[in-house]
Amino acid sequence: MTTPPDNTPQNQPAATRIVAGQASAPKRPLGLKIGIVAGILALVGGGVAVASAVSGNNAATPAASSAAPAGNPAAELKLGYFGNVTHAPALVGVSQGHIAKELGDTKLSTQVFNAGPAAIEALNAGAIDATYIGPNPAINSFVKSAGESVSIIAGAAAGGAQLVVKPEINSAAALKGKTLASPQLGGTQDVALRAWLATQGYKTNVDGSGDVAINPTENAQTLKLFQDGKLDGAWLPEPWASRLVLTAGAKVLVDEKDLWDGSLSGKAGEFPTTILIVNKKFAAEHPDTVKALLKGHAKSVDWLDSAAATEKASVINAALKEAAGAELKADVIERSLKNIVFTVDPLAGTYPKLLKDGVAAGTTKQADINGIFDLTALNEVTGQKTSAAGLGKE
């Protein structure tokens, strides 16, 4: 039995929920009201098409650590993450105070996002300093900025993404002419879906046309649209894949873990779903704050890897209620957690393939991604040698 995390109240981080893709409603098949235009704008560096709603974060945080960061700590760290089970290291780190404790006198504020491209916009605009995110939006930002925008500083979660479909769909051949969803254009699951469909001989386009229509849709809307019969399936992270299976009658057509044989990462079935990135300028100005963030992050991952299943589910569920507005049913969170591995390893060896898939999907450009990783602080914090696979510092 693990020791419950210290959650003595101190400064409560303010939280803002950012929901992508709800500012426009282009004409789409089946009348789906989704944010394609917002997604395309995000990919080409256009305006920030996001709607925000402020909500107080009541998560308790412990008293400032007596070993506060030395050097040049930032006055504030603005951290982004999603209300997904795949972002449990962030949910635990914020709600249980692991991150705030390590930050010491540095104020922690948080923003909750729906999908990666919106979080990248916020990071590049200076609205946040670091964020938990999927790998493909991080790659896209790095490529568009010629390596100047972000550094990947740690992994957070591997696995936990599936293509779930209507029960009558039994094969890839049955998807022709169907309509599928992904969380957001250019996001990690969006790229994975488009790449997999290409291996099945299907052509897809970023405007939703092609042999299979892909409608990037906010996850909660995807659930409702699937229940209403307006979607044939979706490639989703947890807990949304489990929610469609257990509450909406979907079935798994593709479990993404089956597409990764371990030849790129050395870990069969593991692929990066959530990573931790930081704005390069912020990292250069406040290296001690970044190191403190990583200490809190590593503690959160360690806790997730050692906590009893019931305790882990309870803590994550409470944090999800705060971040996303609702708790999950017991069977949903149980199934979700079984599909995820929490790890500080970003599985760097998979990134050339992730880049290739993004290029094929039309959501990023071919480029050299050498330098995308800076794992030096992570390795100092953990005392381990996490590999950057030749793509950066370690």
Q | Check against side chain to side chain contact (heavy atoms under 4.5 Å, CB included), Val85 and Leu328 | A | CA-CA 10 Å; Val85 179; Leu328 297 172; 3.8 Å; yes
Q: For Glu334 and Lys329, run salt bridge (Lys or Arg N to Asp or Glu O under 4.0 Å): C-alpha distance rounded to whole Å, both residues' side-chain angles, the deciding distance at 0.1 Å, then the answer.
A: CA-CA 9 Å; Glu334 180 182 2; Lys329 293 181 179 179; over 6 Å; no
Q: Take Glu76 and Ser109 through the test side chain to side chain donor-acceptor pair (under 3.5 Å) and record every step on the way to the result.
A: CA-CA 7 Å; Glu76 180 182 16; Ser109 60; 2.8 Å; yes
Q.
Between Asn219 and Asn114, does the side chain to side chain contact (heavy atoms under 4.5 Å, CB included) criterion hold? Intermediate values first, please.
A. CA-CA 8 Å; Asn219 290 322; Asn114 170 61; 4.1 Å; yes
Q: Test Asn339 against Lys257 for side chain to side chain donor-acceptor pair (under 3.5 Å), laying out the working first.
A: CA-CA 9 Å; Asn339 291 328; Lys257 70 180 182 182; 4.9 Å; no
Q. Given Tyr81 and His87, is the ring pair (Phe, Tyr, Trp, His ring centres under 6.0 Å) satisfied, shown in steps?
A. CA-CA 7 Å; Tyr81 61 98; His87 285 237; 7.4 Å; no
Q | side chain to side chain contact (heavy atoms under 4.5 Å, CB included) between Leu197 and Ile214, worked out | A | CA-CA 10 Å; Leu197 286 171; Ile214 300 178; 3.8 Å; yes
Q: Tell me, with the steps shown, if Ile99 and Leu293 meet side chain to side chain contact (heavy atoms under 4.5 Å, CB included).
A: CA-CA 6 Å; Ile99 295 173; Leu293 168 62; 3.9 Å; yes
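In this structure the side chain of Val252 never reaches within 4.5 angstrom of the side chain of Leu163, judged on heavy atoms. Counting only heavy atoms from C-beta outward, the side chains of Thr289 and Asn72 never approach each other to under 4.5 Å. For the pair Ile316/Leu304, a side-chain contact is recorded, criterion being any heavy-atom separation below 4.5 Å from C-beta on. By the 4.5 Å heavy-atom criterion applied to side chains, Lys251 and Asn170 are counted as neighbours. Two residues are said to be in side-chain contact when any heavy atoms from C-beta on lie closer than 4.5 Å; Leu193 and Asp190 fail this criterion. Contact check for Leu236 versus Gln189: no side-chain heavy atoms found under the 4.5 Å cut-off. Between Ser182 and Asn215 the shortest side-chain heavy-atom distance does not fall below 4.5 Å. At least one side-chain heavy atom of Ile340 sits less than 4.5 Å from a side-chain heavy atom of Phe342.
Of the possible polar contacts, none joining the Gln200 side chain to the Tyr202 backbone as a donor-acceptor pair under 3.5 Å is found. Between the side chain of Thr131 and the backbone N or O of Ile133 there is no donor-acceptor pair closer than 3.5 Å. Remark: the backbone N or O of Thr86 is not paired with any side-chain donor or acceptor of Asn84 at under 3.5 angstrom. Ser314 places no side-chain N or O within 3.5 Å of a backbone atom of Thr310 that could act as its donor or acceptor partner. Remark: the backbone N or O of Gly187 is not paired with any side-chain donor or acceptor of Gln184 at under 3.5 angstrom. Formation of a donor-acceptor pair under 3.5 Å by the Glu121 side chain with backbone atoms of Ala125 is not found in this model. Checking side-chain atoms of Arg194 against main-chain N and O of Asn205 turns up a donor-acceptor pair under 3.5 Å. Between the side chain of Ser265 and the backbone N or O of Gly349 there is no donor-acceptor pair closer than 3.5 Å. In this structure, the side chain of Asn379 engages the main chain of Thr386 through a donor-acceptor pair within 3.5 Å. A distance-only check finds a donor-acceptor pair linking the side chain of Asp129 to the backbone of Lys78 [under 3.5 Å].
A cation-pi contact, defined as under 6.0 Å to the ring centre and within 45° of the axis, links Lys353 to Trp260.
By the ring pair (Phe, Tyr, Trp, His ring centres under 6.0 Å) test, Phe282 pairs with His286, sequence neighbours left out. Listed by chain and residue number, Ser151, Thr376, Lys393 satisfy the side-chain contact (heavy atoms from CB on, under 4.5 Å) test with Asp374 (two or more places apart in sequence, or in another chain). In this structure Asp368 satisfies the side-chain contact (heavy atoms from CB on, under 4.5 Å) test together with Asn370, sequence neighbours excluded. Taking Lys291 as the reference, Glu380 meet the side-chain hydrogen bond (donor to acceptor under 3.5 Å, both in side chains) condition, with sequence neighbours excluded. By the ring pair (Phe, Tyr, Trp, His ring centres under 6.0 Å) test, Tyr351 is found to be paired with Phe373, residues two or more places apart in sequence or in another chain being considered. When the side-chain hydrogen bond (donor to acceptor under 3.5 Å, both in side chains) test is applied to Lys166, the partners found at least two apart in sequence or on another chain are Asp232. Among residues two or more places apart in sequence or in another chain, the side-chain contact (heavy atoms from CB on, under 4.5 Å) test is passed with Ala360 by none. Remark: Ala181 engages Thr217, Thr222, Leu231, Ala234 in a side-chain contact (heavy atoms from CB on, under 4.5 Å) (not counting sequence neighbours). Asp331 meets the side-chain hydrogen bond (donor to acceptor under 3.5 Å, both in side chains) test with no other residue; sequence neighbours excluded. Shown here are the ring pair (Phe, Tyr, Trp, His ring centres under 6.0 Å) partners of Tyr132, two or more places apart in sequence or in another chain: His297.
A single hydrophobic cluster is not seen to contain both Leu355 and Val191; linkage of ILVMFWY side chains at heavy-atom distances under 4.5 Å, directly or through other members, places them apart. Under a hydrophobic-cluster definition in which Ile, Leu, Val, Met, Phe, Trp and Tyr are linked whenever side-chain heavy atoms come within less than 4.5 Å, directly or via other members, Ile372 and Ile275 are assigned to the same cluster. Using a 4.5 Å cut-off between side-chain heavy atoms of Ile, Leu, Val, Met, Phe, Trp and Tyr, with links allowed through other members, Leu259 and Val164 fall into the same hydrophobic cluster. Under a hydrophobic clustering in which Ile, Leu, Val, Met, Phe, Trp and Tyr are joined whenever their side-chain heavy atoms come within less than 4.5 Å, directly or via other members, Val341 and Val301 fall into different clusters. Both Val290 and Ile128 are members of a single hydrophobic cluster when ILVMFWY side chains are connected at heavy-atom separations under 4.5 Å.
Using modelled atom types, one finds no donor on one side chain facing an acceptor on the other under 3.5 Å when comparing Lys144 with Asn124. For the residue pair Glu256 and Trp235, a side-chain donor N or O sits within less than 3.5 Å of a side-chain acceptor on the partner. Between Ser149 and Ser141, the side chains place a donor N or O and an acceptor N or O closer than 3.5 Å (distance only, hydrogens not considered). For Asn317 and Glu327, the side-chain atoms include no donor-acceptor pair closer than 3.5 Å.
Sorted by first and then second residue, the ring-ring contact (aromatic ring centres under 6.0 Å, His included) pairs involving residues 205-228 (not counting sequence neighbours) form an empty list. The list of side-chain hydrogen bond (donor to acceptor under 3.5 Å, both in side chains) pairs with a residue in residues 266-281, not counting sequence neighbours, reads Lys267-Asp345, Lys281-Glu285.
Of the inter-residue distances, the one linking Glu238 atom CD with Gln162 atom CD reads 5.5 Å to the nearest 0.5 angstrom.
Annotation for Leu391 and Ala348: closest pair CD1-O, 3.9 Å, computed over non-hydrogen atoms. Ala324 and Gly83 get closest at one heavy-atom pair: CB-O, 4.1 Å.
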